[in-house]
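Below, all heavy atoms of this structure are taken into account, side chains as well, without hydrogens, waters or symmetry copies. Per chain, numbering begins at 1; letters A, B, ... match sequence-line order.
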Protein chains: 2
Amino acid sequence: MSATAPRVLVVDDEPQIVRGLKILLRSAGYAVEAAETKADALVELVSRPPDALVLDLVLPDGGGVEICEEVRRWSRLPILVLSAVGDEREKVRALDAGADDYVTKPFGTDELLARLRALLRRSVDVGGSPELKIGELVIDLSDRLVTRNGKPVHLTPIEFDLLRVLAQHQGRLVTQRQLLREVWGPEYGDETHYLRVHVAHIRAKLEPDPSRPRYVITEPGVGYRLRDPAA
Amino acid sequence: MSATAPRVLVVDDEPQIVRGLKILLRSAGYAVEAAETKADALVELVSRPPDALVLDLVLPDGGGVEICEEVRRWSRLPILVLSAVGDEREKVRALDAGADDYVTKPFGTDELLARLRALLRRSVDVGGSPELKIGELVIDLSDRLVTRNGKPVHLTPIEFDLLRVLAQHQGRLVTQRQLLREVWGPEYGDETHYLRVHVAHIRAKLEPDPSRPRYVITEPGVGYRLRDPAA
DNA sequence: CGAACTCATCAAGATTCCGTAAAGACAGCG
DNA sequence: CGCTGTCTTTACGGAATCTTGATGAGTTCG
């Protein structure tokens with residue numbers, strides 16, 4: 001779960017239900033996305049993984065059970081199954097397929113929210129924190145830790161923030177103005193000198209040969225980019 | 001969850017229910033212990049932590065809600081609450097107190113087993129031991145005791161809470177704000193000097209050389225982390 | 001070739017942040 | 001009432017970090 005509002009993906013083919021859930025969950029402080037089919041859901045799950053999944057068991061292009069099984073191959077994402085079917089065998093099937101909870105419609109909204117809170121609470125800190133990998137570098141954003149070939153490298157706050165912004169754009173060019181704004185604030189857009197000094201420090205700490213940079217590449221007159229030297 | 005049969009602690013004051021649950025759970029391959037009161041349950045939880053807890057909400061010497069809250073102060077043990085009460089407020093209260101699932105009596109046995117499987121599946125390697133070990137330190141969260149090389153170290157309440165928060169994040173960085181909020185409360189987010197003096201006290205009590213900290217590492221401008229010096 | 005520009009590096013200040021000690025405030029307890 | 005343990009508050013020296021200025025190398029373009 002991130003520091004910002006937890007993201008919940010709702011998968012259901014009935015527009016009314018989706019609308020209701022969106023309102024309910026948003027008013028409870030969640031960021032809500034929706035998908036109507038199994039295919040859409042899987043695309044969304046892979047491209048922008050949410051913090052939890054609320055899943056109707058009956059979908060046009062395949063059961064929610066299949067989604068559970070699919071997701072469980074690579075993720076521990078909390079899954080809450082909604083269903084009009086109260087049949088016990090159906091519950092067992094969904095739970096054993098990977099669902100974490102099963103609520104039958106019609107459901108009490110307070111109970112649904114409480115069960116979702118319980119799921120999210122358990123998932124905090126389980127499963128390693130999100131890491132960005134660039135060549136020999138591993139950047140753990142939540143831990144503010146950078147390692148090169150497994151060895152931790154100490155960066156000062158500004159150095160880490162600079163590297164983070166570069167890493168989050170994954171190889172793309174980041175302009176000087178953009179970097180300055182994101183690290184120092186909007187009013188520092190012209191202090192390009194700061195960048196040179198701190199980029200030099202970063203290179204000294206994590207480039208094999210700081211005078212011949214392989215990770216932090218400067219684009220003269222424009223900005224910097226963080227690239228994977230192997231790629 | 002251990003390699004042997006998972007251990008389940010059943011807490012209920014009705015002998016019939018206990019007997020039924022024992023038979024059911026044992027036939028499903030679990031090792032089952034039972035307790036009839038809140039006090040017994042807590043003793044058993046601390047002395048021989050099970051892999052999961054099945055808990056009746058109504059007990060002679062205090063509610064199951066209290067047990068949930070108590071357990072959650074030091075453990076992530078999966079808790080499945082059983083109750084004859086289907087009232088939604090009661091469910092919300094139990095779930096928010098720390099329960100992971102809530103099943104109303106009478107329940108389908110297959111569903112109960114499936115929900116228990118789902119809980120245990122998620123809790124893999126999130127051990128329910130009330131002790132955290134970091135190098136030579138052992139932190140017993142349930143009776144608020146710290147030992148170094150087996151010798152008890154006396155910490156004041158605030159010192160213990162600081163150490164607890166650091167330990168519960170297992171080596172990860174904890175920001176100053178986060179520490180202040182969790183130990184003092186949300187409105188103390190900026191009193192960073194509290195941290196400095198109490199961290200100094202902690203180091204004086206449990207670092208071999210307080211001037212060269214090996215356990216409580218400071219990240220200048222960001223926060224602290226508790227690390228295992230051997231790792 | 002030289003002027004103008006951008007960048008890298010180095011070396012001080014300047015500033016912020018941290019560790020430490022010590023003293024005052026406050027509650028619990030005999 | 002005095003004692004004890006704990007927390008808060010203050011003060012200051014030193015460390016870590018950031019800023020600032022100076023210098024030289026490389027590039028572009030007239």
Inset, instruction - Classify every nucleotide of nucleotides 15-30 of chain C by which part a protein heavy atom approaches to under 4.0 Å, writing B for the base, S for the sugar-phosphate alone and - for neither, in 5'-to-3' order. - result: --SBBB----------

Inset, instruction - Check the distance between D/dG14's P and B/Arg212's CZ and give it to me in whole angstrom. - result: 17 Å

Inset, instruction - Round to a whole Å and report the spacing from CG of A/Leu180 to C1' of D/dC18. - result: 14 Å

Inset, instruction - Give the rounded distance in Å between these two atoms: CG of B/Leu162 and P of D/dT6. - result: 15 Å

Legend entry - N or O in side chain of A/Trp184 less than 4.0 angstrom from D/dC18 OP1/OP2: no

Inset, instruction - Figure out the CG/C1' separation between A/Asp190 and D/dT19, and round it to whole Å. - result: 16 Å

Inset, instruction - Nearest whole angstrom, please: distance from the C1' of D/dC7 to the OH of B/Tyr188. - result: 11 Å

Inset, instruction - Establish, from distance only, whether the side-chain atoms of A/Asp140 and A/Ser142 form a donor-acceptor pair under 3.5 Å. - result: yes

Legend entry - side chain to side chain contact (heavy atoms under 4.5 Å, CB included) assessment of A/Leu155 paired with A/Val153: CA-CA 6 Å; A/Leu155 297 184; A/Val153 178; 4.2 Å; yes

Legend entry - Atom pair distance, as rounded to whole Å: CD1 in A/Ile158 and P in D/dA16: 17 Å

Legend entry - Approximate separation, where rounding is to 0.5 Å, of B/Tyr224 OH and B/Arg203 CZ: 6.0 Å

Inset, instruction - With DNA chain D as reference, determine whether A/Leu155 or B/His198 sits nearer its 5' end, using the nearest nucleotide of each. - result: B/His198

Legend entry - Nearest-Å distance for atom pair NZ/P, residues B/Lys205 and D/dG5: 11 Å

Legend entry - The single option from B/Glu136, B/Arg227, B/Glu207 passing side-chain hydrogen bond (donor to acceptor under 3.5 Å, both in side chains) against B/Tyr215: B/Glu136

Legend entry - B/Asp228/B/Lys133 salt bridge by N-O under 4.0 Å criterion: no

Legend entry - Atom-to-atom span, OH of B/Tyr194 to P of D/dT6 - whole angstrom: 18 Å

Legend entry - Sole residue of B/Lys22, B/Glu14, B/Gln16 in side-chain contact (heavy atoms from CB on, under 4.5 Å) with B/Val18: B/Lys22

